[in-house]
Amino acid sequence: MYHRSAYYVCFSYHRCLFYIDRKCPTCGLITSQTKYLYICVFLCIVLTGDITQKGYEKKRAKLLAPFLTLGLSSDPTSNPNAVPVAASRQHRAHRSGGTRDDRYRSDIHTEAVQAALARHKEEKMALPMPTKRRSAFVQSPAENCTPPDTSSASEDEGSLRRRQAAISAMLAQNLQSPEYWINRSVQSSSTSSSASSTLSHGDGKTHNHSQGIFLSTGVPAHSRVSTKIQQLLNTLKRPKRPPLSEFFLDDFEEIVEVPQPDPNTPRPEGRQMIPVKGEPLGVVSNWPPALQAALARWGATQAKSPALTALDITGKPLYTLTYGKLWSRSLKLAYTLLNKLGTKNEPVLKPGDRVALVYPNSDPGMFWVAFYGCLLAEVIPVPIEVPLSRKDAGSQQIGFLLGSCGVGLALTSEVCLKGLPKTQNGEIMQFKGWPLLKWVVTDTKYLTKPSKDWQPHLPTANTDTAYIEYKASKEGTVMGVAVSKISMLTHCQALTQACNYCEGETLVNVLDFKKDSGLWHGVLTSVMNRIHTISVPYSVMKACPLSWVQRVHVHKARVALVKCRDLHWAMMAHRDQKDTNLSSLRMLIVADGANPWSVSSCDAFLNVFQSHGLTPEMICPCASSPEAMTVAIRRPGAQGTPLPARAVLSMAGLSHGVIRVNTEDKNSALTVQDVGHVMPGALMCIVKPDGPPMLCKTDEIGEIVLNSRAGGTMYYGLPGVTKNTFEVIPVNSGGTPIGDVPFKRTGLLGFVGPGSLVFVVGKIEGLLSVSGRRHNADDLVATALAVEPVKTIYRGRIAVFSVTVFYDERVVIVAEQRPDANEEDSFQWMSRVLQAIDSIHQVGLYCLALVPANTLPKTPLGGIHVSETKQHFLEGSLHPCNILMCPHTCVTNLPKPRQKQPVGPASIMVGNLVAGKRIAQASGRDLGLIDDQEQSRKVNLSSFVLQHQFLSEALQWRAQTDPDQVLYMLLNAKVTLSTATCSQLHKRAEKITAALLERGGINTGDNVVLLYPPGIDLIASFYGCLYAGCIPVTVRPPHPQNLAATLPTVRMIIDVSKAACILTTQTLMKILRSKEAAGCVNVKTWPNIIDTDDLPRKRPSNIYKPPTAEMLAYLDFSVSTTGMLTGVKISHSAVNALCRSIKLQCELYSSRQIAICMDPYCGLGFVLWCMSSVYSGHQSILIPPMELETSLPLWLSTLSQYKIRDTFCSYSVMELCTKGLGTQTEARGVNLSCVRSCVVIAEERPRLALTQSFSKLFKDLGLSPRAVSTAFGARVNLAICLQGTAGPDPSTVYVDMKSLRHDRVRLVERGAPQSLPLMESGTVRHTSHPIWVNSPHNASGYYTIYGEESLQGDHFNTRLSFGDTETLWARTGYLGFVRRTELLDARGDRHDALFVVGSLDETLELRGLRYHPIDIETSVSRAHRSIAESAVFTWTNLLVVVVELSGSEQEALDLVPLVTNVVLKEHHLIVGVVVIVDPGVIPINSRGEKQRMHLRDSFLADQLDPIYVAYNM
């Protein structure tokens, strides 16, 4: 009989063959001749042994040929050579186990999985394969992609094979047939506001010059990435969760969706169970009073009787330890431990101390001597595994066990000691988490013979602790279960009675002799009954899987102690030994018989070895746990007695904790076998696993609890946990205790069947609770391994566990991939596993990962260490080679989408939200006051400047009144490059004006592009253009080594600005006309290029003066973070007002000296670099940021050398110094105590973490924490707010991120969940939530937006709809709020602080909520140490996360689940695509801001060369 455990009903091959036209009385499965035919064909093929795919097809066609004409098969293959079907019957008694590890395998299981996959055929789900860089992983070459090999499915029926082939063909067709899908509009754009959508995309018109910096309106339909995204979208269209009935209305709390109880959920209906009693424990007169007494008895009376036989690596007997030798050696060790390790007055050990036993699995003799020696010395042995390296799985937890038990001494053998890892000094390495141990070698030559007057104390068994057995919990924590002497003796007596052990029997033990059944049967009970134990170590089993069967045959053993794994290994090699005989066995104890899938293992082994003398009555599964020890065991039956019945249960009922007999869907049934009756002298109950220990009903699954003297007494050193496990009092439905005797929790889930038989359906540690339903990890493993083909992974190397993500458990499967498996086969297998588990278990997989062979952490006996695997997964150190995330299908409790509600303006005052008709407004200092202040300070020069409306006049006046004043000093890494006095700057500007008029042939009002590196030439050219009446346009020069990426931007600005000529240097002029430039742009259509390195000595006849201050002064072009190029018009009056505002706020006077380290091409950086010194008369020390690449300390050294009080920089400069410098500047003598104000210029939310890191890092160099502040500007106003020296310290508030998503502000305390720290951007110049500005230095408008005049009016000439409806405001495009603080400014007024939240163009609208990319990116950057940078954007409602990997490419796939987890946890969003790229791929503009839209276009056009792209399902 061959039964499948995982889900399915009993499949009785040997009986089904006799019931052709009627129902099988055993399983009821075969009901027609057609199915009978396929079973016969299947058996005829499989029973002949291993067979290739081609051979299988040939034999199948040959056997089916006579029936094809009768219409019994749809297979078109025909063969005239027919073979009678009955010929297959002769093979059924000799069926081969095959050459695979079939631990979880059965044909019914495979059939059910294939049927589940067939149901997905009509859905046509095409999963997009991940994109993997070929150089990153050489394990799965793309060239070797072959169709799925179904040779391992040779046991399936022909119809199922064709179904599987059809599914494979369907998937392949869908993966290769993309449809045109990119039909994008402004409404579906990733930007949130209508204004930003229009700015980014316009009205869909195409322009010849919009192919570079301007956003593309789409990508080709045949784009590889876009096709995969469409496949992902098509897959996600299938609803995996019920539709949401209502929208989310609460603005303050995001309510997690709670699944409503299903009215059809099965509920227990039986009566309350009655505790089950085992048979009374018999009293035998000759039972010893203690186990040590039994050893002493046999050592004296049966000294030559064999106690233990150990095997060598080949499986042959190595040595035999007699009871006499065992007694004498144990006696020597006991004497040595108590008398020879220390002095008489200060012994190292005393009775009751704990001692670690460290012996390998291949040396049972030394362990036996050490264990019994400790018992005789009355010290407590703590057996543990041998640590082979510091990285052993679970070794740190073993150290916790040793520490909690107070172990200071370790016993080991000489050979084992030599194999332990050593330091360079030859000392034993200190293992992580381990206490300091003293190692003692217990070989016989190192032991001392006891003196004649010394005798061991042999007391009667009492409640003192005898030994401590370690136990690993589900989370990987290792605890020590203390077993008392009376419990140890009672357990041996109970096992003797239940198993009917007799003196002199032979027992073959394949299990670990240090714990569990291997210790209880093979070391303790065997000595009590003078049994000869033959220990077969794990290393021998790997070399010779049939070795334990050979030992049974050779020694005529009566009892064998094995696990299901050993049964399978024996089946794999049984053909090598045809003369083995197992008839001597009376008990084949299956130690893990409590696992549901053990039924198929036992049946398959019986089917193979029944002809070798094995009978069904010999197989005795048992159930045990470290806490209760043996719970139940099937008693050996007499020949011919009926076998216990099997339970065929509904898996749907089991997931709800109830017992339902499966009669309908055979594909979702679980067949379990009993584990016999309760142990003698024990009382058993079934209680609810959650909450109070309430008795279950008779048809309810619960945890087995046991009351018995034979069992553990406590978790040593952990009294709190002990009470919850070892002192449980079950209560009835009314809450009344059923008695006063304590029960022990076993951790086993099961029920009591007819005849008081115990059935176990799983363990609590393997239970996965997902959305209120319980799933057994072993059942999921069985389903995964039933998916064909399984040539992708190793069968025995798979781990299933759950991780907590977003308030629920999520199922993760990790398996080791075979080295020869290609990427396509692996992905196809993973996608089929998803479908099979979803169909059979009704649970979605969160993650399915495949790792390279032999990389999963292993237990000492070769099993997968599940808790360590889970830890590696959560830490990002698993290093998978293939991964498939499915958050869309399994996360069903997301907050409901939000429906936008119309709201009025809001004001934030002292942290409270006040909704009403009053707008949040703050006013800056009146600029008119500066005249009175100047008079009071008697600064005549600056006062005179105020009489001029134009900067050109100010420079001329300064050149006349103070020609030798140094306005600018340019520094590089080595020397001072150049300086510029007022006179020098004026004269050079005049020469440039003459060159413009002479060579350029330009007219007044023409635009002139200034293409210079950062320096004084740029400043002189700017004033030269003003003198000539031209409009300067500053442009960042192209990078000589990256012309392909940078030159098109230059060309675009020149074309958009309609520049009449270009002012530049000789070097840059050569670059513009080079062959390399010709490959990027059309160099023949450049405007007139004027080289200013060689200027004429002529002076212009006159200097132009604009007729009105409202005329254009210059154009400011900049690329926004959304990838949009915008040029704003700045008038002379705006320049004048801006310079005056900066002078007032920063107190910049002619005696001051400031340092500027930022790019001078746009925004406030350009104003500070070129205009502020000319207006205010102070000296500016200019440090180009590119110089920091060669000399990182240049900026800070300059501040120290020149004792600079005020400095301005960008975030990129600050980040460069923070990451690259550290405190190495201390050795250079840098002192920053002179710095009073360090202002970061940016058009973004202040980077609080960066500024705090900078302040903290350089605090030891004298930098004041209050010196660092920020300034904020936008396109419409270059300096909205600026933190001056006279203002109060920058304030920081903490806002609720959930409220921000609803466009609300709610202040919370620091450290509150979902809190976001915000630092103010500076003192308000004039402002309003979104931020609007009314200021004299607003820009005049956009230079050109291709006819979008309505947009200019909307951005620059906006009026309020209530209150003051006449004032014109400019929209900044930024979200923020104003808060009046308690701090006072220099005038004594309360300080109005502006807090910038983010750019409106950048926000992502998902699920009706507004998200700021920087918040998501901050979370992503914290997910793993190897994430250097990240960026997010959306595409067709999918969130795409791009991550720069700074570590090894091996870590690329580790980032996928971590990124998905952190975004889901902190932002309640599901990541659609995760892209892993090299460092430096994310584009950043000159201000250090990420260009997310450029990144999006590059990704969709497949231009990123990613390391890995994961498409989350």
Side-chain angles (χ1 to χ4, degrees), residues 130-140 389-391 393 396 432 803 812 814 816-817 823 826 847-857 868-885 1189 1192 1212 1215-1216 1218-1222 1249-1250 1253 1413-1414 1416-1432 1440-1466 1471 1473-1484 1488 1490 1492 1495 1498-1499 1504-1512:
T131 303
K132 185 183 296 184
R133 182 184 292 172
R134 293 298 148 204
S135 62
F137 305 96
V138 297
Q139 182 178 351
S140 304
S389 71
R390 299 189 66 182
K391 296 182 180 180
Q396 186 173 355
K432 185 177 180 181
V803 294
V812 178
V814 182
E816 286 191 3
Q817 178 177 290
E823 183 180 347
S826 299
C847 178
L848 180 54
L850 302 182
V851 299
N854 299 316
T855 57
L856 285 180
E868 284 286 314
T869 303
K870 177 180 178 179
Q871 189 66 26
H872 288 333
F873 175 80
L874 295 176
E875 292 175 352
S877 56
L878 200 58
H879 305 329
C881 51
N882 278 297
I883 196 167
L884 185 57
M885 296 287 298
E1189 297 179 2
L1192 204 53
S1212 58
E1215 187 174 23
L1216 196 63
T1218 303
K1219 291 183 177 180
L1221 270 182
L1250 178 58
S1253 299
I1414 187 174
I1416 303 177
E1417 291 161 359
T1418 301
S1419 300
V1420 170
S1421 298
R1422 293 197 308 263
H1424 194 272
R1425 63 184 180 278
S1426 295
I1427 297 179
E1429 191 56 88
S1430 63
V1432 301
V1440 182
V1441 179
V1442 181
V1443 174
E1444 289 184 353
L1445 175 65
S1446 61
S1448 167
E1449 288 188 353
Q1450 250 191 345
E1451 299 176 315
L1453 276 70
D1454 285 315
L1455 306 184
V1456 177
L1458 297 183
V1459 168
T1460 305
N1461 292 355
V1462 73
V1463 175
L1464 187 57
K1465 175 183 177 182
E1466 298 186 9
V1471 177
V1473 184
V1474 181
V1475 187
I1476 313 297
V1477 296
D1478 295 312
V1481 170
I1482 297 176
I1484 298 177
K1490 300 170 188 173
R1492 298 181 180 89
L1495 181 67
S1498 299
F1499 169 69
L1504 292 182
D1505 186 26
I1507 300 173
Y1508 191 82
V1509 181
Y1511 301 92
N1512 290 347

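Keep in mind that the numbers below use all heavy atoms, side chains included, and drop hydrogens, waters and symmetry copies.
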Q.
If you compare all heavy atoms of Ile1427 against all heavy atoms of Ser1421, which two are closest, and at what distance to 0.1 Å?
A. CG2-CA, 4.0 Å
Q. With sequence neighbours left out, what residues match Glu816 under salt bridge (charged side-chain N to carboxylate O under 4.0 Å, His left out)?
A. Arg797, Lys858
Q | Distance, nearest 0.5 Å, that separates CE of Met885 from OG1 of Thr1460 | A | 4.0 Å
Q. Does Pro880 reach the side chain of Leu850, with side-chain heavy atoms less than 4.5 Å apart?
A. no
Q: Would you mind reporting whether Ile883 and Pro1457 have side-chain heavy atoms less than 4.5 Å apart?
A: yes
Q) Does the side chain of Phe1499 come within less than 4.5 Å of Val1442's, by heavy atoms? A) no
Q) Is there a donor-acceptor pair closer than 3.5 Å between any side-chain N or O of Glu1417 and the backbone N or O of Glu1429? A) no
Q: Of all the heavy-atom pairs spanning Thr1218 and Ser1253, show the shortest one and how long it is.
A: CG2-CB, 4.0 Å
Q. How long is the gap from CD on Glu868 to CG on Leu856, to the nearest 0.5 Å?
A. 11.5 Å
**Q.** Which atom of Val1471 lies closest to which atom of Val1473, heavy atoms considered
**A.** CG1-O, 3.4 Å
Q. If you take all heavy atoms of Lys870 and Val803, which pair is closest and at what distance?
A. CE-CG1, 4.1 Å
(Q) Show the nearest heavy-atom pair for residues Leu1445 and Ile1476, with the distance to one decimal. (A) CB-CG2, 3.9 Å
Q) Donor-acceptor pair, Glu1215 side chain versus Leu1250 backbone, under 3.5 Å? A) no
Show me the donor-acceptor pairs, under 3.5 Å and distance only, between side chains in residues 872-879 and residues at least two apart or in other chains.
unit_1 : atom_1 : unit_2  : atom_2 : d
His872 : ND1    : Ser877  : OG     : 3.2
Glu875 : OE2    : Gln871  : NE2    : 2.8
His879 : ND1    : Asp1454 : OD2    : 2.6

Q: Could you pull out all residues at least two apart from Thr855 that satisfy side chain to side chain contact (heavy atoms under 4.5 Å, CB included)?
A: Val851, Pro852
**Q.** Distance, nearest 0.5 Å, that separates CG of Leu1455 from CG of Leu1453
**A.** 8.5 Å
(Q) Would you say that Leu848 contacts Asn882 through its side chain, given a criterion of any heavy-atom pair below 4.5 Å between the two side chains? (A) no
Q) How far apart are the closest heavy atoms of Pro130 and Glu823, and which atoms are they? A) O-OE2, 3.6 Å
Q) Counting only N and O atoms by type, is there a donor-acceptor contact under 3.5 Å from the side chain of Lys1490 to the main-chain atoms of Ser1430? A) yes
Q: Enter the distance from Leu1464:CG to Ser1419:OG here, rounded to the nearest 0.5 Å.
A: 11.5 Å
Q. Do any N or O atoms from the side chain of Ser1446 and from the backbone of Ser1426 form a donor-acceptor pair under 3.5 angstrom?
A. yes
